[in-house]
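Treat the numbers as computed from the prediction; the structure is a model and nothing was measured. Order of listing sets the numbers, starting from 1, for every ligand and every atom in it. Side chains are part of it too, since the values below use all heavy atoms of this structure and drop only hydrogens, waters and symmetry mates.
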Amino acid sequence: MNYKKYFRKTSLKQKGVGEFFLDEIATNKPSVFLEVGVFHGVTARNVCELLYRLHGKNFKYVGLDLFEETSENKSEIIPNTKFSNPLKNIYFNYVKKQNPYSIEAVEELLKKFKNNVSLIKGNSNIILKKIDMSKIDYVFLDGGHDYETVKNDLVCCREVIINGGTVLCDDYDLSYAPGVKKAIDEFVSINSFKCSIICNDRFAKIVKN
Ligand SMILES: C[S@@+](CC[C@H](N)C(=O)[O-])C[C@H]1O[C@@H](n2cnc3c(N)ncnc32)[C@H](O)[C@@H]1O
């Protein structure tokens with residue numbers, strides 16, 4: 001399945017990774033999808049296109065992100081939001097006059113699916129506790145990479161797994177963010193869940209045992 005980049009940045013840019021990810025989603029066929037860490041919305045758009053093909057209008061995509069760098073979220077790792085390609089800088093600065101990392105820009109990228117999409121601007125450490133997880137059947141966890149944040153995010157997603165859903169964590173084994181692996185390994189062990197490390201150690205897929 002082709003993963004499109006939509007002239008923006010994405011963490012699934014490595015050859016074959018986006019395609020692997022979409023095949024994984026297509027196999028699971030979730031109808032209520034949560035992405036923690038939306039960034040420029042590229043994965044969001046790919047997921048919406050796929051869920052539309054699978055379910056028509058009967059799907060829901062919920063996306064959560066800080067959507068801005070502030071002094072309060074300095075401790076979180078936010079990927080460089082600037083482009084190295086000058087054409088992309090010109091396009092967003094002078095043509096679109098838009099920051100691709102803003103909630104408004106992501107809303108625009110997803111406007112085709114506006115009745116199916118809910119975007120939330122905020123910190124997952126606060127917001128996830130307020131979301132009704134009983135409705136969600138698939139989570140792509142790709143937000144904060146700090147140990148405490150990943151630990152909190154996973155605890156909040158526990159209900160999804162208990163109910164038979166899936167949590168797919170990105171960046172399982174990153175040398176510069178070891179807290180991701182530590183939090184996942186602890187969470188899986190404490191709850192006796194099944195964890196498969198897939199796509200060349202890139203993703204940790206957590207389901208009920
Ligand atoms: C690696 S990027 C996500 C990439 C995106 N999933 C994709 O596939 O292109 C991580 C995102 O997580 C967001 N983030 C970091 N800490 C967060 C937190 N505590 N709560 C919500 N979002 C967070 C950042 O703003 C950033 O946009």
Run the numbers for me: atoms of ligand 1, each under 4.0 Å from some heavy atom of [X], listed by number.
{"X": "Asn123", "value": "18 (C), 19 (N), 20 (N)"}
{"X": "Gly37", "value": "3 (C), 4 (C), 5 (C), 6 (N), 11 (C), 12 (O)"}
{"X": "Glu35", "value": "5 (C), 6 (N), 8 (O)"}
{"X": "Gly122", "value": "20 (N), 21 (C)"}
{"X": "Ser124", "value": "18 (C), 19 (N), 20 (N), 21 (C)"}
{"X": "Gly144", "value": "14 (N), 15 (C), 16 (N), 17 (C), 23 (C)"}

May I have the step-by-step check of salt bridge (Lys or Arg N to Asp or Glu O under 4.0 Å) for Glu107 and Lys114, ending in yes or no? CA-CA 8 Å; Glu107 267 163 4; Lys114 66 177 188 303; over 6 Å; no
Judged by modelled atom types alone, do Tyr172 and Asp185 share a side-chain donor-acceptor pair under 3.5 Å? yes
Looking only at the side chains, is there a donor atom on one of Glu24 and Tyr138 sitting less than 3.5 Å from an acceptor on the other? yes
Geometric cation-pi criterion Lys121 and Phe67, 6.0 Å radius, 45° cone: no
Check this for me - ligand 1, [X], N or O atoms closer than 3.5 angstrom, yes or no?
{"X": "Val36", "result": "no"}
{"X": "Ser11", "result": "yes"}
{"X": "Asp171", "result": "no"}

Do Phe193 and Asn209 touch side chain to side chain, with heavy atoms closer than 4.5 Å? no
Do the non-hydrogen side-chain atoms of Thr10 and Tyr3 ever get within less than 4.5 Å of each other? yes
Nearest non-hydrogen atom to atom 26 (C) of ligand 1 belongs to which of Asp65, Asp170, Thr10, Val47? Asp65
Return the set of residues passing side-chain hydrogen bond (donor to acceptor under 3.5 Å, both in side chains) with Asp173 (not counting sequence neighbours), or none when no residue passes. none
For ligand 1, is Val38 a contact, meaning one of its heavy atoms is under 4.0 Å away? yes
Using the salt bridge (Lys or Arg N to Asp or Glu O under 4.0 Å) rule, collect all pairs that involve residues 84-94, keeping only residues at least two apart or in two chains. none
